[in-house]
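Submitted below is the structure of interest, expressed as structure tokens.
Lettering of chains follows the sequences in order, A, B, ..., and the numbering in each one begins at 1.
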Amino acid sequence: MSDKQHTLHSARRLGRLMSRYYLSSRYHSLWGPLLRRPLAWVTSGAPVEILRVFGIHPFYPENYGALCGARRASLALCQAAEARGYSQDLCSYARCHLGSLFSPEHAPLKKLPPPDLLVACNNICGTVLKWYEELARRLRVPLLFIDTPFIAGELEDRAVAYVQEQLRAMVEELSRLTGRRWDAARARRIMGLSNEAVLLWREIRYMGRHRPSPLNAPDLFIHMAPIVVLRGTPQAVHYYRLLLSEVRERVKKGIAAVPGERVRLLWDNIAIWYRLNRFFRFFAERGACFVTDTYTGGWDTEMAVREDPLESLAEAYAGIFLNRSLQFRVRQMVELIRDFAVDGFVMHSNRSCKPYSLVQEEIRRQVVEQTGIPGLVVEADQTDPRAFAEETVLNRAQAFLEALAL
Amino acid sequence: MSYGTGSGELHEILEVASSAPAAWAARYPGRRFLGFFCSCWPEELVSALGGEPLRVLPPARPGSPARLPAYCCTVARGCLELGEKGTLGFLAGAGFAHACDTMQCLGDIWRYAAGMPVFYLVPPVAPLACGAEEYYTEELSALYARLAGAWGEEPREDALREAVKLHNRVRALVGRLEELRAGLPSPLVAAVLRAGQVMPRREFLRLLEEALPGLAARASRPAGRRLLAVSGAVLETDDFYRLVEELGGRVVADDTCTGYRHYAAPVEESLPPLVALARRLASRPPCPCRHLGLEARARYLLQLVRSKGAHGLVLILRKYCEPHAWDAVHVAGALRGAGVPVLVLETEGPVVGEQERTRLQAFLEQLSGGSGP
């Protein structure tokens, strides 16, 4: 199996795109004040389209946490945070990020661009609120918080109205902070760009339905970066057009992400960033391809077009999958398993992400019952390597693959 | 120990506080209990429909139910164990008020693991945010209708007003006990407060009313003891309080989820009851799961320590409890900065081990104010 078949050519373009994003973030202090464009640290599920209307440059500490993991800088950063009293049981993205403030010498990019404001939305977990409260106290910058009530059943009108009210207040506050006015037409254009990128990303992910699959989970994890940090920009749309065309070409030529694909798997949860390639290579070497996953699909939901853009945003951001019930997630996994003709699934029981992980065993039981395919749960952490017993996990993975007759 | 007038009533309260959940159905036959897990659950809605709100507390030494991973707090694991084993089979349902990520997951799992109806309530995380009160009032109204529908009752406003009065009377009476707290053994007060969350409220009210004069007569100045304020999540047994007393301390302020925080802040009786219940969320002592501002909890605890004359503050951290672990860094720093000694005590469960005992002992010894037992 050659490396050419593993790596998408677009990866180089992606590298350049992300480098430009990180460089522009890093040197924001040189251009931001001149152009009156503040910088905000934002959570991955925050309604970034609103920030873009006001010319605010968003920087994503969660994405940065993943970067710290992928570059194996996370352990030193986590320990730096723990030395300041933050428990080892807290989210490792948060510990990495806080650690980078305390020990910038250990951090990728060294000193992060200081924020003018913080924007947190709890549609992915309760942790982000506590993390951003801590940042706001330490950095003494305003915190704008959007509360999206957990959806135990269906998304209720009262929850959408509540989120919409908060977005209205956020718009007023941003107007005050930036001296710019809310422009609904510009908001619609930015939301249009978000939707365009989202649809392209969805189509790319769905290419995994082909047999053999042109994509493996690490491809999805690497190429999801623009949909998170550049959502609402022409750059994201342009990049995903390029990627889609390459993936289509792969399908046309029958190029497999995992040559000799014999088993098709689904991955559940965030990646194990510090072992991203090594971990998935173990499966690939045995002919197993992760043709789909639940995590990168978190950014493939398009926004409905409503007269008031804030209503569309409220509905979209309140309704993301991590803010939904176990029942919703079971349904989602069962659909993915059927749509992608999956033979088995692997769940990463991720110590850092409780809302994702604590319900996994019940989800596993129900999915196995409804689909009849086997599921394996492996315990690790997204960025803290101390929580990953590699040998034990790979032994279990080996047994799982053998049971799938590989 | 006898507490004079009302001693029998007090013993009855303490008996309930120490009894296992399996005994409750037999003790109160024919009652419709609804289990709840978080102190922001609106008990009034249950009482208004003729039910009895009952706080589900985990066993002191929980097992490891397979549905939850080991990196989950023992409160969730212990409660799930009770649910899975059918120990709570006498409940007419379980009420989950959304609080932390872990309880959100437990509520989801409960639907499948415990074989009883689940009633989910999602209070705003930011009760002071724009639109929060309107949203929460509607959310409470929907819950009231769901509960009533499930039990074949009418969701009446007059019944809700009566329930508000009943629970406010409980709060007022517990408030009187709170005034005596410094003069009474810490485990005794903790047990009474716990009983008030599990036994039928009218019975609790009657018994506590009878017991209070005797308690008032026995309350004495805690001479020579180091006075502590305590804050944390759930403490389902008296072990910690007993240890404090053994080591020469006294809990004079209890800001735990199962302590006075559960009772603090009455519901405004002059307002429409659902609006008043919604407003109570913002007036309760700050909980790490709600956003009431960046300094609200530290300010509240500092004021609590000062107003109760505590010599120090113990922040109890339940292993894997994220909201409290997050707050501990800031709260401990802020209070230490204001000159208050703070001990952050991490425990696996409610049973305090030797290591924690040594840390608590060292902390008490460094506090000024008392001379030990």
- Structural part of A:Leu98 lying under 4.5 Å from a heavy atom of chain B: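 For A:Leu98, the side chain is the part near chain B, not the backbone.
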- Query: Relative to chain B, which segment of A:Ala159 carries a heavy atom at a distance below 4.5 Å: side chain, backbone, both, or neither?
  - Reply: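 Both backbone and side chain of A:Ala159 come within 4.5 Å of chain B.
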- Query: Taking atom types as modelled and ignoring hydrogens, do the side chains of A:Ser349 and B:Tyr71 form a donor-acceptor contact shorter than 3.5 angstrom?
  - Reply: yes
- Hey, is CD on A:Glu390 packed in by over 12 heavy atoms from elsewhere, all under 6.0 Å?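 Count over threshold, so yes.
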- Task: Kindly indicate, with the supporting measurements, whether the criterion side chain to side chain donor-acceptor pair (under 3.5 Å) is fulfilled by B:His330 and A:Glu134.
- Result: CA-CA 8 Å; B:His330 171 63; A:Glu134 201 58 13; 5.3 Å; no
- Item | A:Ala152 versus chain B, the contacting section by heavy-atom distance below 4.5 Å | both
- Message: With rounding to the nearest 0.5 angstrom, report the SG to CZ distance, B:Cys105 to A:Phe150.
- Response: 7.5 Å
- Query: Is it true that atom CD of B:Gln366 has more than 12 heavy atoms of other residues, nucleotides or ligands lying nearer than 6.0 Å?
  - Reply: yes
- Item | Portion of A:Gln88 that has a non-hydrogen atom of chain B nearer than 4.5 angstrom | neither
- Side chain, backbone, both or neither of A:Arg168 within contact of chain B (heavy atoms, under 4.5 Å):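 For A:Arg168, neither part sits under 4.5 Å from chain B.
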- Task: Please look at B:Ala328 and chain A and tell me whether the side chain, the backbone, both or neither of the residue comes under 4.5 angstrom of a heavy atom of that chain.
- Result: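 Neither; nothing under 4.5 Å.
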- So does B:Lys85 have more than 12 non-hydrogen atoms from other groups sitting under 6.0 Å from NZ?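 Result for NZ/B:Lys85: open.
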- Query: Are the side chains of B:Leu68 and A:Gln360 in touch, meaning some heavy atoms are under 4.5 Å apart?
  - Reply: no
- Item | Close side-chain approach of A:Gln327 and B:Tyr112, heavy atoms under 4.5 Å |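 Sidechains of B:Tyr112 and A:Gln327: in contact.
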- Query: Which answer fits A:Tyr86, side chain, backbone, both or neither, if we ask what part of it has an atom under 4.5 Å from a heavy atom of chain B?
  - Reply: both
- Item | B:Gln303 atom CD, neighbour heavy-atom count above 12 within 6.0 Å | yes
- Does some side-chain heavy atom of A:Ser87 sit less than 4.5 Å from a side-chain heavy atom of B:Leu317?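 The answer is no, as the side chains (C-beta and beyond) never meet within the 4.5 Å cut-off.
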- Message: When you measure from the side chain of B:Asp101 to the backbone of A:Cys125, do you find a donor-acceptor pair of N or O atoms at a distance under 3.5 Å?
- Response: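 Not confirmed, B:Asp101 side chain does not pair with A:Cys125 backbone.
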- Which region of A:Ile363, side chain (C-beta onward) or backbone (N, CA, C, O), has a non-hydrogen atom less than 4.5 Å from a non-hydrogen atom of chain B, or is it both or neither?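 Neither the backbone nor the side chain of A:Ile363 comes within 4.5 Å of chain B.
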- Message: Evaluate A:Tyr162 against B:Tyr136 for ring pair (Phe, Tyr, Trp, His ring centres under 6.0 Å), listing each step before the verdict.
- Response: CA-CA 9 Å; A:Tyr162 169 41; B:Tyr136 192 32; 9.7 Å; no
- Supply the atom-to-atom distance A:Arg351 CZ to B:Cys72 SG, rounded to the nearest 0.5 angstrom. 11.0 Å
- Are the side chain of B:Asp108 and the backbone N or O of A:Leu326 linked by a donor-acceptor pair below 3.5 Å? yes
- Note on the structure: chain B shares the most heavy-atom pairs under 4.5 Å, among A:Gln166, A:Glu156, A:Gln366, with A:Gln366
- Item | Region of A:Arg365 that comes under 4.5 Å of a non-hydrogen atom in chain B |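 The side chain, not the backbone.
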- Task: Please assess B:Glu134 against A:Glu165 for the test side-chain contact (heavy atoms from CB on, under 4.5 Å), listing each intermediate value before the final yes or no.
- Result: CA-CA 10 Å; B:Glu134 293 78 2; A:Glu165 274 300 299; over 6 Å; no
- Query: Which is it for B:Val329 and A:Arg84 under the side-chain contact (heavy atoms from CB on, under 4.5 Å) test, yes or no, and what are the steps along the way?
  - Reply: CA-CA 8 Å; B:Val329 183; A:Arg84 299 286 184 122; 5.8 Å; no
- Among B:Gly293, B:Gly107, B:Ala132, residue most engaged with chain A (heavy-atom pairs, under 4.5 Å):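 Result: the option with the highest number of such pairs is B:Ala132.
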- Message: Nearest 0.5 Å, please: how far is CD in B:Glu139 from CZ in A:Arg158?
- Response: 4.5 Å
- Query: Do side-chain atoms of A:Asp147 reach the backbone of B:Val125 as a donor and acceptor pair under 3.5 angstrom?
  - Reply: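 Yes.
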- Contact leader toward chain A among B:Glu295, B:His98, B:Arg111, B:Glu138, where contacts are heavy-atom pairs under 4.5 Å: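 Ranked by contacts with chain A, first place is B:Glu138.
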- With chain B, which of A:Ala94, A:Gly85, A:Pro149, A:Ser357 has the greatest number of heavy-atom pairs at distances under 4.5 Å? A:Pro149
- Query: How many angstroms lie between atom CH2 of B:Trp326 and atom CG of A:Leu129, to the nearest 0.5 angstrom?
  - Reply: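 That separation rounds to 10.5 Å.
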- Structural part of A:Asn350 lying under 4.5 Å from a heavy atom of chain B: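 The answer is the backbone of A:Asn350.
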- Task: For each of A:Cys91, A:Ser325, A:Ala161, A:Ala169, tally heavy-atom pairs with chain B at distances under 4.5 Å, and name the one with the top tally.
- Result: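 The residue among A:Cys91, A:Ser325, A:Ala161, A:Ala169 with the greatest pair count is A:Ser325.
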- In this structure, CG of A:Leu358 is separated from CG of B:Leu106 (nearest 0.5 Å) by 9.5 Å
- Item | Under-4.0 Å salt bridge between B:Arg67 and A:Glu362 |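 Looking at B:Arg67 and A:Glu362, the cut-off is met.
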- Task: Output yes when B:Glu322 and A:Lys130 qualify as a salt bridge under the 4.0 Å nitrogen-oxygen rule, no when they do not.
- Result: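 Salt bridge absent between B:Glu322 and A:Lys130.
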- Message: For the CD atom of A:Gln164 and the OH atom of B:Tyr135, what is their distance to the nearest 0.5 Å?
- Response: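 Spacing of CD (A:Gln164) from OH (B:Tyr135) equals 15.0 Å.
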